[in-house]
Amino acid sequence: MNTLLIVIGILVLLLLIAFFSSKEMNIEKSIVINQPKEKVFDYIKYLKNHESFNVWMKMDPDMKKEYKGTDGQPGFIYAWDSNKKKMWAPVNRK
């Protein structure tokens, strides 16, 4: 009987914590880049430069990449295709 009361007490406590806890979560990450803002912007505005830091590209360096238009200009299109299923997992979550 005591064991049942302890289990019920723990469940009630967990439900109370869940009820009163925040429904939102904020995750932040920062890095200090010791360069002028203009130099950083001029680098990241070109999608082709993202290959040096893009996590997805590092997961599959053999992915097929397709670029159309002028990089850094409105209308530039970047497309990619990968045979690795892990690359698609976050997109197809339901």
Side-chain angles (χ1 to χ4, degrees):
M1 184 67 170
N2 286 340
T3 307
L4 181 61
L5 289 175
I6 292 172
V7 171
I8 291 173
I10 291 172
L11 288 175
V12 168
L13 180 63
L14 290 174
L15 287 173
L16 285 172
I17 291 171
F19 182 74
F20 288 110
S21 65
S22 176
K23 306 295 185 252
E24 295 182 20
M25 181 184 342
N26 295 320
I27 299 173
E28 295 182 19
K29 184 176 180 180
S30 64
I31 186 169
V32 175
I33 301 173
N34 293 319
Q35 295 291 332
K37 293 177 187 177
E38 296 79 20
K39 188 172 182 179
V40 174
F41 179 76
D42 285 341
Y43 183 80
I44 64 170
K45 76 178 180 182
Y46 296 107
L47 291 177
K48 290 180 181 178
N49 289 340
H50 290 208
E51 293 182 25
S52 65
F53 61 86
N54 186 315
V55 176
W56 300 105
M57 289 182 181
K58 290 181 179 185
M59 289 174 70
D60 185 7
D62 297 325
M63 72 171 61
K64 290 183 257 177
K65 296 170 256 188
E66 184 179 343
Y67 303 99
K68 292 181 184 176
T70 305
D71 196 359
Q73 298 297 316
F76 178 72
I77 297 172
Y78 165 66
W80 58 268
D81 187 27
S82 174
N83 292 326
K84 291 189 175 186
K85 290 190 183 247
K86 189 174 183 181
M87 298 292 289
W88 295 95
V91 177
N92 293 328
R93 273 191 275 181
K94 294 181 181 177

Quick one: [atom1] on [X] to [atom2] on [Y], what's the gap to the nearest 0.5 Å?
{"X": "F76", "Y": "K48", "atom1": "CZ", "atom2": "NZ", "result": "5.5 Å"}
{"X": "L13", "Y": "I10", "atom1": "CG", "atom2": "CD1", "result": "8.0 Å"}
{"X": "D62", "Y": "N83", "atom1": "CG", "atom2": "CG", "result": "9.5 Å"}
{"X": "D71", "Y": "H50", "atom1": "CG", "atom2": "NE2", "result": "8.0 Å"}
{"X": "E51", "Y": "Y78", "atom1": "CD", "atom2": "OH", "result": "6.5 Å"}
{"X": "D60", "Y": "D81", "atom1": "CG", "atom2": "CG", "result": "9.5 Å"}

Are [X] and [Y] connected, step by step, through hydrophobic side chains (Ile, Leu, Val, Met, Phe, Trp, Tyr) whose heavy atoms are closer than 4.5 Å?
{"X": "L4", "Y": "V12", "result": "yes"}
{"X": "I44", "Y": "Y46", "result": "no"}
{"X": "M1", "Y": "V7", "result": "no"}

E66/K68 salt bridge by N-O under 4.0 Å criterion:
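A salt bridge is present here (some side-chain N lies under 4.0 Å from a carboxylate O).
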Excluding sequence neighbours, so at least two apart, what forms side-chain hydrogen bond (donor to acceptor under 3.5 Å, both in side chains) with Y43?
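Partners of Y43 by the side-chain hydrogen bond (donor to acceptor under 3.5 Å, both in side chains) criterion, ordered by chain and then number, come out as S52.
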Does any part of the side chain of K58, heavy atoms only, come nearer than 4.5 Å to the side chain of V55, both counted from C-beta?
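Result no, sub-4.5 Å side-chain heavy-atom pair not found.
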